[in-house]
Asks: 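One structure follows; several queries about it will come next.
Below, chain A is the first sequence line, B the second, and so on; all start at residue 1.
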Amino acid sequence: MMIDVVVFFFLLGVFARLVRSDLRLPEALYETLSIYLLLAIGLKGGIELSKQPLVALLPQIGATMALGLAIPFVLYPVLRGLRLSGPDAASVAAHYGSVSVVTFAVASAALMREGIPFESHASLWVAVMEAPGIISGILLARLSRLREVKWATLAHEVAFGKSVLLLVGGLFIGAIAGEAGTAPIQAVFVEPFKGVLALFLLELGLVAGGRLAEVRRFGFVVIGVGLVVPPVLSLAGAGVGLMLGLSTGGVALLATLAASASYIAAPTAMRIAVPEANAGLSITAALGVSFPFNILVGIPLYIAMAQALTGG
Amino acid sequence: MMIDVVVFFFLLGVFARLVRSDLRLPEALYETLSIYLLLAIGLKGGIELSKQPLVALLPQIGATMALGLAIPFVLYPVLRGLRLSGPDAASVAAHYGSVSVVTFAVASAALMREGIPFESHASLWVAVMEAPGIISGILLARLSRLREVKWATLAHEVAFGKSVLLLVGGLFIGAIAGEAGTAPIQAVFVEPFKGVLALFLLELGLVAGGRLAEVRRFGFVVIGVGLVVPPVLSLAGAGVGLMLGLSTGGVALLATLAASASYIAAPTAMRIAVPEANAGLSITAALGVSFPFNILVGIPLYIAMAQALTGG
Amino acid sequence: MMIDVVVFFFLLGVFARLVRSDLRLPEALYETLSIYLLLAIGLKGGIELSKQPLVALLPQIGATMALGLAIPFVLYPVLRGLRLSGPDAASVAAHYGSVSVVTFAVASAALMREGIPFESHASLWVAVMEAPGIISGILLARLSRLREVKWATLAHEVAFGKSVLLLVGGLFIGAIAGEAGTAPIQAVFVEPFKGVLALFLLELGLVAGGRLAEVRRFGFVVIGVGLVVPPVLSLAGAGVGLMLGLSTGGVALLATLAASASYIAAPTAMRIAVPEANAGLSITAALGVSFPFNILVGIPLYIAMAQALTGG
Amino acid sequence: MALIKHPRMLLVIIAEAALEKQLVADVKRLGAHGYTVYDVRGEGTMGVREGAWEADRTIEMKVICETAVADQIAEHVLAQYVPHFGVTMFFADVQVLRPHKF
Amino acid sequence: MALIKHPRMLLVIIAEAALEKQLVADVKRLGAHGYTVYDVRGEGTMGVREGAWEADRTIEMKVICETAVADQIAEHVLAQYVPHFGVTMFFADVQVLRPHKF
Amino acid sequence: MALIKHPRMLLVIIAEAALEKQLVADVKRLGAHGYTVYDVRGEGTMGVREGAWEADRTIEMKVICETAVADQIAEHVLAQYVPHFGVTMFFADVQVLRPHKF
Ligand SMILES: Nc1ncnc2c1ncn2[C@@H]1O[C@H](COP(=O)(O)O)[C@@H](O)[C@H]1O
Ligand SMILES: Nc1ncnc2c1ncn2[C@@H]1O[C@H](COP(=O)(O)O)[C@@H](O)[C@H]1O
Ligand SMILES: Nc1ncnc2c1ncn2[C@@H]1O[C@H](COP(=O)(O)O)[C@@H](O)[C@H]1O
Ligand code: NA
Ligand code: NA
Ligand code: NA
């Protein structure tokens with residue numbers, strides 16, 4: 001079996017949308033699934049953190065944060081060159097600067113299935129990389145407009161926004177309670193993880209399938225950006241991974257994180273911070289093109305690349 | 001223990017309604033549970049399909065489909081004889097031509113508890129029998145009215161309606177990914193199955209309990225139809241099962257499927273396709289009378305009958 | 001690890017509220033979680049009941065019921081002395097006369113973690129103690145007003161209200177189906193229990209955090225009542241436990257139940273029965289002060305007390 | 001093309017969810033032929049109500065009826081619930097096509 | 001401070017959820033530029049509809065448009081759905097600020 | 001039986017859910033004494049919004065207030081949000097019984 005079973009659920013969702021099925025997941029389920037995934041990923045990372053000295057991880061924290069901050073600054077001029085308006089370019093850049101938690105989960109599952117080991121605290125990187133790209137994106141939008149930025153509000157929104165809060169909250173709980181302390185809740189937060197991920201991918205398939213019509217509307221730019229940006233960014237991620245001396249799996253995961261685009265935290269934050277940006281454009285690139293690309297083609301690619309680079 | 005524990009949840013729901021309790025399950029939970037059950041049943045059948053050549057199953061697919069198509073044509077004249085209007089007779093016939101996924105699940109659970117083996121791909125029959133009865137019912141309604149039928153729309157609604165799509169989608173995923181591929185999601189889609197079924201039966205108990213008032217309103221016809229039709233249809237189901245050379249458990253399941261009436265796909269489809277039919281009448285017969293009859297009395301009966309017929 | 005991991009989820013919820021995060025749990029999830037917890041607790045008790053003669057438990061049923069009935073009559077004059085209006089005093093008294101299912105669950109988890117045995121049918125006490133305190137509270141409110149009481153309606157609301165119905169329904173199902181009969185649904189109703197409790201505590205943390213502003217508004221009375229009443233009532237609970245000859249864990253649980261205040265059944269019932277009472281006052285004391293006090297400080301205290309009293 | 005429109009009153013009652021059962025009984029008893037309810041959240045003189053949990057839920061009820069019926073319902077709500085519950089009410093003039101229905 | 005308000009018609013259709021898809025197609029075809037839908041529960045001549053499950057759900061649709069468009073939609077609904085479905089409709093006069101939008 | 005009804009303005013704002021927090025702050029700052037919000041779905045010039053996920057959710061906000069307050073809120077929304085967000089607004093004349101409340 002080459003393709004992970006959870007990917008089939010995504011395809012089922014896309015299919016349902018394309019044939020105009022009336023299949024819908026209730027909104028409360030969508031919210032519940034995303035709360036669950038964020039908490040569970042945080043917890044998992046936290047449990048691993050409880051086993052090692054945090055200080056040894058500071059270089060990784062610094063480097064992944066820097067990566068997230070840098071990506072939008074690199075993407076922005078390129079996107080401007082593609083004739084995107086300033087706000088649009090900043091918004092798209094922010095989406096790719098941030099990360100997709102589900103893409104990360106699919107990549108970890110692929111590594112586990114193929115028996116490629118990776119750093120057990122990898123979900124710490126997800127938590128760290130969620131926010132910086134969004135901040136850079138907003139900064140770019142503001143610089144290009146000379147508009148004043150309410151930094152306090154902004155920092156608050158990003159740091160205490162639902163996704164960062166759940167990820168970091170899970171990390172803390174996992175780190176404090178440790179393996180033994182969290183044992184009684186693992187029947188909910190560990191074993192069902194992949195099944196829940198499958199359901200969430202069904203929902204994302206429905207949403208992504210709905211965006212395919214938009215792909216046509218936005219045309220070549222969106223397809224080009226959505227297909228070219230991820231592999232290019234994966235190189236940057238892999239580079240940082242090599243610099244940090246990560247394992248083969250770790251390099252693959254960092255490549256995946258760099259290549260992935262946020263479609264939960266970023267759209268909400270950018271809508272408020274950069275309302276002039278066309279929300280449909282960013283989300284269509286991130287969820288309609290890059291997300292399927294990454295889970296179908298990208299992840300195997302990034303894993304192969306990591307193996308080549310690390311000789312693993 | 002004669003009665004399966006999940007049946008008690010149904011009774012609790014009916015009881016709550018009869019004593020006018022304020023107990024309600026949120027609608028999002030109802031939708032989530034039904035999506036889960038359909039997917040899980042499909043997956044289970046699909047995993048079994050992955051173990052055997054599909055071609056060997058073609059006779060079963062053909063025969064069960066024919067059974068679903070035939071039932072409404074047999075019921076319709078009888079119901080007309082009971083003085084039901086054309087549209088009402090067609091609608092009731094469609095409900096019994098289609099099948100109840102939950103009744104099927106309760107019957108499988110009973111067989112497993114009693115250690116009676118049955119075909120591991122049985123949920124394939126459910127997927128196959130969901131739609132044909134509805135199509136026949138609509139056809140009957142249209143023939144009796146000489147109204148033009150939008151077959152394209154209709155075929156689309158039935159084939160890509162949520163329940164068929166989830167069942168067939170689950171079948172495909174299970175068949176492609178197989179036992180090994182689906183292992184990581186079994187903690188969600190296999191182990192909790194009966195517990196989720198219990199919750200769904202609580203909800204169905206609440207709904208069925210609410211229909212008991214209607215039973216009084218519609219009177220004898222509804223009670224008669226609801227109690228007499230299932231055992232009669234179970235004979236047809238058992239007959240087809242024998243013809244196909246199924247195991248004892250398989251004959252019992254096919255009897256149950258024939259005897260069961262749809263209350264998810266059929267009501268929605270008939271409401272749009274045959275609006276002249278009284279929706280309350282069909283649903284009251286299907287969910288208020290036949291469903292409780294089947295899970296309380298019918299299933300043990302059909303199992304005993306299958307044992308007698310197959311000497312198993 | 002001193003503190004149970006589920007308590008951290010509560011603190012995460014409170015924190016999220018204090019930093020004004022946009023984290024919210026969908027209402028359907030809240031309802032689903034509470035339905036689940038009530039059913040699961042009932043089932044657990046019922047399974048244990050199936051193992052012993054009910055008649056032997058009659059003294060416990062009588063004594064715990066009497067305890068619930070008595071608490072409001074003791075609290076009422078004290079609260080009146082603190083210058084609460086008649087309806088307010090009655091309402092607060094009713095909240096403490098009833099019990100908190102989640103506090104009970106946290107206490108059982110603590111006992112299990114520390115290896116202190118307790119009566120396996122303890123959740124029977126929860127079911128028995130849910131309603132009496134509410135009835136006493138309503139009685140007090142009516143006596144102080146000379147208003148006629150619609151006892152029939154009231155008894156109905158309390159006996160068939162959602163929480164009592166689910167608890168008692170679960171008890172019945174567990175008692176009838178027994179350990180073997182409920183085995184197939186334990187993957188849903190037993191193993192995930194603590195993880196679901198963690199999610200529910202996250203939600204309660206969000207709600208309790210939102211009430212902290214109210215604590216300031218109501219001032220000293222609410223803090224005083226919320227902090228002083230639980231330990232005092234725990235003495236009464238422990239006393240009844242000793243009288244009944246319960247185990248160390250049993251005494252601790254009865255102390256916890258007496259000390260805990262209802263925030264599900266009581267607010268709803270009192271809102272309708274005693275509308276003159278300020279709903280915010282009772283709920284702030286119960287959920288904003290006493291609930292966190294009990295799970296953070298009270299439960300360890302009550303366990304220590306039970307150990308001292310029983311020499312266990 | 002000549003649709004004949006008949007004037008009716010639309011009464012909207014926004015209230016604590018705890019009142020739903022009683023309000024339903026009230027409007028039927030006082031002569032309304034139907035009602036529509038849904039869940040809302042909001043803020044008023046009784047503070048923020050987010051609907052995150054049972055006692056914090058708010059409902060909005062719409063009743064289309066004759067003015068006299070609307071007045072009676074409103075008077076009843078005013079007397080019975082407004083003193084102790086969070087309640088907001090307003091009237092709007094609407095037109096319907098099937099006057100016997102409302 | 002001089003906001004210019006333009007009169008438009010608000011048409012509200014409360015109907016069985018099974019009709020949502022068709023109603024959306026209808027209002028767009030008959031000239032509305034938009035619509036808003038949400039889930040409700042209620043009671044009318046067809047009995048109580050609690051929305052606990054699929055066939056028991058009810059929706060409410062709001063359409064702001066010119067009177068002529070509202071009339072056409074209403075006439076279509078009256079002819080097409082009212083005979084066999086639970087449907088409640090009413091009109092209300094409203095004012096909008098951007099007349100070209102509606 | 002003589003209920004005295006006082007005219008007030010009902011302002012309805014249908015907007016992207018991302019604006020909810022800001023709209024709540026705005027209407028309170030501009031003088032409304034309360035508001036009611038609920039989740040809707042729909043379609044307009046910005047396309048279909050089904051509310052299946054976060055950025056696709058739409059809310060409807062009702063504010064009952066004096067005409068002057070409604071006008072100020074509407075003007076603010078028009079200037080601040082309409083250029084970049086999906087927003088629909090309309091006014092309706094309503095009557096209330098407790099004029100001090102609104
Ligand atoms: N001026 C207003 N406009 C719209 N809704 C209101 C208004 N005032 C109150 N409400 C709603 O009515 C509920 C009860 O109002 P109150 O009794 O003022 O707390 C609030 O939670 C709001 O949902
Ligand atoms: N008089 C009314 N006021 C408000 N809503 C109504 C009224 N009558 C009916 N409804 C709503 O419209 C739906 C269908 O109405 P009916 O066709 O009368 O059953 C009901 O389920 C209610 O939600
Ligand atoms: N003519 C209309 N009638 C009712 N609701 C509308 C109308 N136009 C737009 N809406 C609602 O307002 C939202 C935003 O509108 P728009 O900015 O036009 O996309 C839509 O998603 C609809 O829910
Ligand atoms: Na990225
Ligand atoms: Na059948
Ligand atoms: Na208590």
Side-chain angles (χ1 to χ4, degrees), chain E residues 1-15 17-42 51 57-67 69-70 73 89-102, chain F residues 7-17 30-31 36-52 56-95:
Chain E
M1 271 297 151
L3 279 180
I4 302 167
K5 295 176 185 164
H6 307 263
R8 281 293 178 281
M9 193 56 99
L10 166 67
L11 172 63
V12 176
I13 307 171
I14 305 173
L19 295 180
E20 178 170 348
K21 221 166 149 181
Q22 298 178 34
L23 285 173
V24 164
D26 292 338
V27 301
K28 285 161 71 174
R29 184 172 41 80
L30 295 171
H33 299 176
Y35 60 87
T36 298
V37 178
Y38 48 97
D39 297 303
V40 300
R41 52 189 182 275
R57 292 201 304 115
T58 311
I59 56 143
E60 178 166 332
M61 175 180 275
K62 276 196 180 78
V63 185
I64 304 146
C65 53
E66 312 243 2
T67 303
V69 172
I73 297 172
M89 260 192 302
F90 63 88
F91 299 85
D93 297 306
V94 299
Q95 296 117 50
V96 302
L97 301 178
R98 293 167 292 164
H100 55 279
K101 185 174 166 61
F102 302 98
Chain F
R8 282 292 178 281
M9 192 58 97
L10 167 67
L11 171 63
V12 177
I13 307 170
I14 305 172
E16 298 185 23
L30 295 171
T36 297
V37 178
Y38 49 96
D39 297 303
V40 300
R41 52 190 181 274
E43 184 170 348
T45 46
M46 312 270 284
V48 179
R49 297 179 57 80
E50 290 196 333
D56 195 40
R57 292 201 304 115
T58 311
I59 56 142
E60 178 165 331
M61 176 181 275
K62 275 197 181 81
V63 185
I64 305 145
C65 53
E66 312 243 1
T67 304
V69 172
D71 283 5
Q72 272 196 302
I73 297 173
E75 256 179 313
H76 176 75
V77 169
L78 216 49
Q80 193 72 23
Y81 306 119
V82 162
H84 300 303
F85 291 93
V87 174
T88 291
M89 261 192 301
F90 64 87
F91 299 84
D93 297 306
V94 300
Q95 295 116 50

Asks: Show your reasoning for whether side-chain contact (heavy atoms from CB on, under 4.5 Å) applies to F:R41 and E:E20.
Replies: CA-CA 12 Å; F:R41 52 190 181 274; E:E20 178 170 348; 2.9 Å; yes
Asks: Is F:M89 close to E:Q95 at the side-chain level, that is, under 4.5 Å between some pair of heavy atoms?
Replies: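 E:Q95 does not reach F:M89 side chain to side chain.
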Asks: Answer with side chain, backbone, both or neither: which region of F:V82 has an atom nearer than 4.5 Å to a non-hydrogen atom of chain E?
Replies: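 When you check distances to chain E, only side chain atoms of F:V82 fall under 4.5 Å.
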Asks: If you compare all heavy atoms of E:R98 against all heavy atoms of F:T88, which two are closest, and at what distance to 0.1 Å?
Replies: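 So the minimum-distance heavy-atom pair works out to NH2-CA, 3.9 Å.
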Asks: Using heavy-atom distances under 4.5 Å, tell me whether F:M46 contacts chain E through its side chain, its backbone, both, or neither.
Replies: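 Neither part; nothing is under 4.5 Å.
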Asks: Can you say whether E:R8 sits under 4.5 Å from chain F via the side chain, the backbone, both, or neither, judging by heavy atoms?
Replies: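 Looking at E:R8, nothing touches chain F.
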Asks: Does the side-chain contact (heavy atoms from CB on, under 4.5 Å) test come out yes or no for F:D71 and E:K5, once each step is laid out?
Replies: CA-CA 10 Å; F:D71 283 5; E:K5 295 176 185 164; 2.7 Å; yes
Asks: Answer whether the closest heavy-atom distance between the side chains of E:K101 and F:T45 falls below 4.5 Å.
Replies: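 Result yes, sub-4.5 Å side-chain heavy-atom pair found.
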Asks: Which of the residues E:K28, E:H33, E:M61 is involved in the greatest number of heavy-atom pairs with chain F at under 4.5 angstrom?
Replies: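 Going by pairs under 4.5 Å, I would pick E:K28.
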Asks: Applying side chain to side chain donor-acceptor pair (under 3.5 Å), run through E:Y38 and F:E60 and close with a yes or a no.
Replies: CA-CA 10 Å; E:Y38 48 97; F:E60 178 165 331; 5.2 Å; no
Asks: Please examine the side chains of F:F91 and E:L97, heavy atoms only from C-beta on, and report whether any two atoms are closer than 4.5 Å.
Replies: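 Result yes, sub-4.5 Å side-chain heavy-atom pair found.
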Asks: Between F:L10 and chain E, which part of the residue has a heavy atom less than 4.5 Å away: side chain, backbone, both or neither?
Replies: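 Nothing of F:L10, per the 4.5 Å heavy-atom cut-off to chain E.
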Asks: Considering only heavy atoms and a distance below 4.5 Å, find which of F:T58, F:V48, F:V87, F:D93 pairs most often with chain E.
Replies: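 Counting heavy-atom pairs under 4.5 Å, the top option is F:V87.
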Asks: Given side chains that start at C-beta, do those of F:E43 and E:Y35 come closer than 4.5 Å, heavy atoms only?
Replies: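 Yes, close enough: below the 4.5 Å cut-off.
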